[in-house]
2 protein chains.
Amino acid sequence: MRISEGVEWAAHCCLLLDWMGVDEPVSTARLAAGYGLPPAYLNKQLQPLVRAGILTSTPGKRGGFRLARSLEDITLMDVLTAIEGPEEAFRCDEIRQNGVWADLPESAFRAPCAIDAAMRAAELEWRRALAARTLASVQTDAELQAPYLRRQVQDWYAEHYPAHTP
Amino acid sequence: MRISEGVEWAAHCCLLLDWMGVDEPVSTARLAAGYGLPPAYLNKQLQPLVRAGILTSTPGKRGGFRLARSLEDITLMDVLTAIEGPEEAFRCDEIRQNGVWADLPESAFRAPCAIDAAMRAAELEWRRALAARTLASVQTDAELQAPYLRRQVQDWYAEHYPAHTP
DNA sequence: GACCCACTACTCGGATAAGTGATGTCCGAGTAGGGTTGG
DNA sequence: CCAACCCTACTCGGACATCACTTATCCGAGTAGTGGGTC
């Protein structure tokens with residue numbers, strides 16, 4: 001049971017996009033440079049975010065990614081669901097319907113498996129907490145520790161990887 | 001991100017062991033028959049429970065597994081940790097230390113990554129809920145839906161897979 | 001000089017490999033009980 | 001008849017294959033800018 005690293009990458013990239021503060025699309029190459037990630041693979045990880053409506057993509061030269069909405073309107077749950085899919089981590093295979101229970105009438109299985117129900121309830125707490133946390137609030141936490149971050153990001157890109165200037 | 005099916009198997013087997021209500025060890029073969037599972041693989045899944053102190057195992061003929069303690073004292077968290085290991089689902093790779101942040105002094109990374117902290121906090125809610133749920137309470141839920149379960153288990157085994165009688 | 005057009009450089013998007021962990025199988029170490037043999 | 005011993009049947013435990021999914025890479029479709037040619 002492990003959450004894909006794509007979740008971490010995606011969340012970081014959303015914050016980075018906001019810190020960069022540009023209105024034009026940012027290419028995968030520039031984003032990847034900001035975290036030292038392999039560009040092609042980062043691109044692959046960001047595509048689900050586009051499908052989920054968290055980012056918008058622009059193809060072609062001068063193309064790239066933009067935040068589709070404010071960080072206020074993106075939760076950690078949104079990011080997780082986009083990358084990992086909507087399915088729950090615990091999936092009940094209904095093994096209770098075999099062996100001992102095989103001969104019971106179908107009505108015996110109307111009620112959900114008690115183990116499944118308990119696991120789902122716990123997982124729901126997790127998702128609730130994720131849904132309550134916006135990327136904006138996470139960004140605020142980061143800036144409380146390091147208020148210079150936005151400036152640092154913009155300066156670094158201006159020096160190391162400036163956008164193509166006309 | 002998917003929880004191993006071993007967690008479902010392990011939890012069910014603990015309940016089954018209690019329902020069977022025998023004092024002698026129950027072999028993997030009998031347990032597997034109760035849920036229609038492959039015996040050898042179930043054995044493999046139960047071994048971590050022994051290491052975690054949830055079950056005790058007896059080798060040799062007449063060997064098998066027993067509950068090491070009451071269902072009251074086993075939580076879903078215990079089962080999950082035994083099978084999946086103690087590591088968190090979300091593991092931060094500290095990609096923030098690369099690229100833009102590479103030149104910052106080390107002191108900038110004393111504070112934990114804000115994304116990591118938020119993800120961990122949410123995951124903690126999940127684990128808290130799992131730790132609050134004992135197998136006994138899950139069993140109670142199951143019996144509320146089907147009060148005949150304990151009897152059904154014992155009858156089924158007496159008819160289909162009786163323990164070796166001297 | 002201005003407009004149109006082909007060409008190049010660069011981007012996303014999905015198709016295609018490589019690697020890692022989960023899933024599944026098999027055999028060896030060890031134990032209990034029963035049968036056999038000797039007293 | 002009784003006791004000691006060996007032998008068999010059965011069990012867990014871990015070593016050994018198989019498979020799926022995550023991780024990683026590559027090429028094609030498409031777009032914006034550029035340069036040249038033509039009116």
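In this text the structure is predicted, and so the values were computed from the model without any measurement. Note on naming: letters A, B, ... go to the chains in the order of the sequence lines (proteins, then strands), and numbering restarts at 1 for each one.
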Atom CZ of A:Arg91 to atom P of D:dC21: distance rounded to whole Å?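 Value for this atom pair: 9 Å.
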Without decimals, in angstroms, what is the distance between B:Met1 CE and D:dA20 C1'?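 Answer to the nearest Å: 17 Å.
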Below 4.0 Å: OP1/OP2 of [N] and any side-chain N or O of [X]:
| X | N | result |
| --- | --- | --- |
| A:Ser4 | D:dT23 | yes |
| A:Ser57 | C:dG13 | yes |
| B:Ser27 | D:dC12 | no |
| A:Tyr41 | D:dT25 | no |

For the pair B:Thr75 and B:Asp78, evaluate side chain to side chain donor-acceptor pair (under 3.5 Å) and give the outcome as yes or no after the intermediate values. CA-CA 5 Å; B:Thr75 67; B:Asp78 294 332; 3.1 Å; yes
Using a heavy-atom distance cut-off of less than 4.0 Å, which residues of residues 11-25 of chain B contact DNA chain D?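 Result for residues 11-25 of chain B: none.
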DNA chain D contacts made by residues 75-85 of chain B, counting heavy atoms under 4.0 Å: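 Heavy-atom cutoff 4.0 Å gives no residues at all.
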Which atom pairs, one a donor and one an acceptor, fall under 3.5 Å between side chains of residues 42-59 of chain B and the rest of the protein, sequence neighbours left out?
residue: B:Asn43; atom: OD1; partner: B:Gln47; partner atom: NE2; Å: 2.9
residue: B:Gln45; atom: NE2; partner: B:Tyr41; partner atom: OH; Å: 3.0

By nearest nucleotide on DNA chain D, pick out whichever of A:Ile3 and A:Lys61 is the more 5' one.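 In this pair, the answer is A:Ile3.
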5' priority, DNA chain D, between A:Glu5 and A:Thr58 [closest heavy atom]: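 The residue mapped nearer the 5' terminus is A:Glu5.
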What pairs with [X] under side chain to side chain donor-acceptor pair (under 3.5 Å), at least two apart in sequence or on another chain?
| X | answer |
| --- | --- |
| B:Asp141 | B:Arg133 |
| B:Glu24 | none |
| A:Ser4 | none |

Which of these nucleotides, C:dC12, D:dC26, C:dT25, is closest to any side-chain atom of A:Ala40?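 Ranking C:dC12, D:dC26, C:dT25 by closest atom to the A:Ala40 side chain puts D:dC26 first.
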Residue pairs passing the side chain to side chain donor-acceptor pair (under 3.5 Å) test where at least one lies in residues 100-123 of chain A, sequence neighbours excluded: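 Those involving residues 100-123 of chain A are A:Glu88-A:Arg120, A:Asp116-A:Arg120, A:Glu123-A:Arg127.
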Contacts of type salt bridge (Lys or Arg N to Asp or Glu O under 4.0 Å), residue A:Glu125, not counting sequence neighbours: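 A:Glu125 satisfies salt bridge (Lys or Arg N to Asp or Glu O under 4.0 Å) with A:Arg128 once adjacent residues are dropped.
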Which residues share a salt bridge (Lys or Arg N to Asp or Glu O under 4.0 Å) with A:Asp155, sequence neighbours left out: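 Applying salt bridge (Lys or Arg N to Asp or Glu O under 4.0 Å) to A:Asp155 gives A:Arg151.
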Is there a side chain to side chain contact (heavy atoms under 4.5 Å, CB included) between A:Ile3 and B:Phe90 once you walk through the steps? CA-CA 5 Å; A:Ile3 293 174; B:Phe90 182 84; 3.9 Å; yes
Can you list, in residue-number order, the parts of residues 42-55 of chain A that come under 4.0 Å of DNA chain C, counting heavy atoms only?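 A:Asn43, A:Lys44, A:Gln47, A:Arg51, in order of number.
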Would you tabulate the side-chain donor-acceptor contacts of residues 142-150 of chain B under 3.5 Å, counting partners in other chains and residues two or more places apart, or write 'none'?
residue: B:Glu143; atom: OE2; partner: B:Trp19; partner atom: NE1; Å: 2.7
residue: B:Arg150; atom: NH1; partner: B:Asp18; partner atom: O; Å: 3.1
residue: B:Arg150; atom: NH2; partner: B:Asp18; partner atom: OD2; Å: 3.0

Quick check: is A:Val100 connected to B:Val22 through a chain of hydrophobic side chains (ILVMFWY, heavy atoms under 4.5 Å apart)?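 Yes, B:Val22 and A:Val100 fall within the same hydrophobic cluster.
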Between A:Tyr161 and A:Tyr157, what is the ring plane arrangement, given parallel below 30°, perpendicular above 60°, and tilted in between?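 Answer is tilted, since the angle falls between 30° and 60°.
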Given axes from five pairs at either end, by how many degrees does the helix from C:dG1-D:dC39 to C:dG39-D:dC1 bend, rounded to 10°?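 About 10° separates the two local helix axes.
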Decide yes or no for B:Ile115 and A:Leu15: does some side-chain heavy atom of the first lie under 4.5 Å from some side-chain heavy atom of the second?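 Answer yes - side chains close enough.
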Atom pair CZ/CE of B:Arg66 and B:Met20 - distance to nearest 0.5 Å: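 One gets 12.5 Å once the value is rounded to the nearest 0.5 Å.
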When we call it a touch if two heavy atoms are under 4.0 Å apart, what does B:Gly60 touch: a base, just sugar-phosphate, or nothing?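 Contact class for B:Gly60: base.
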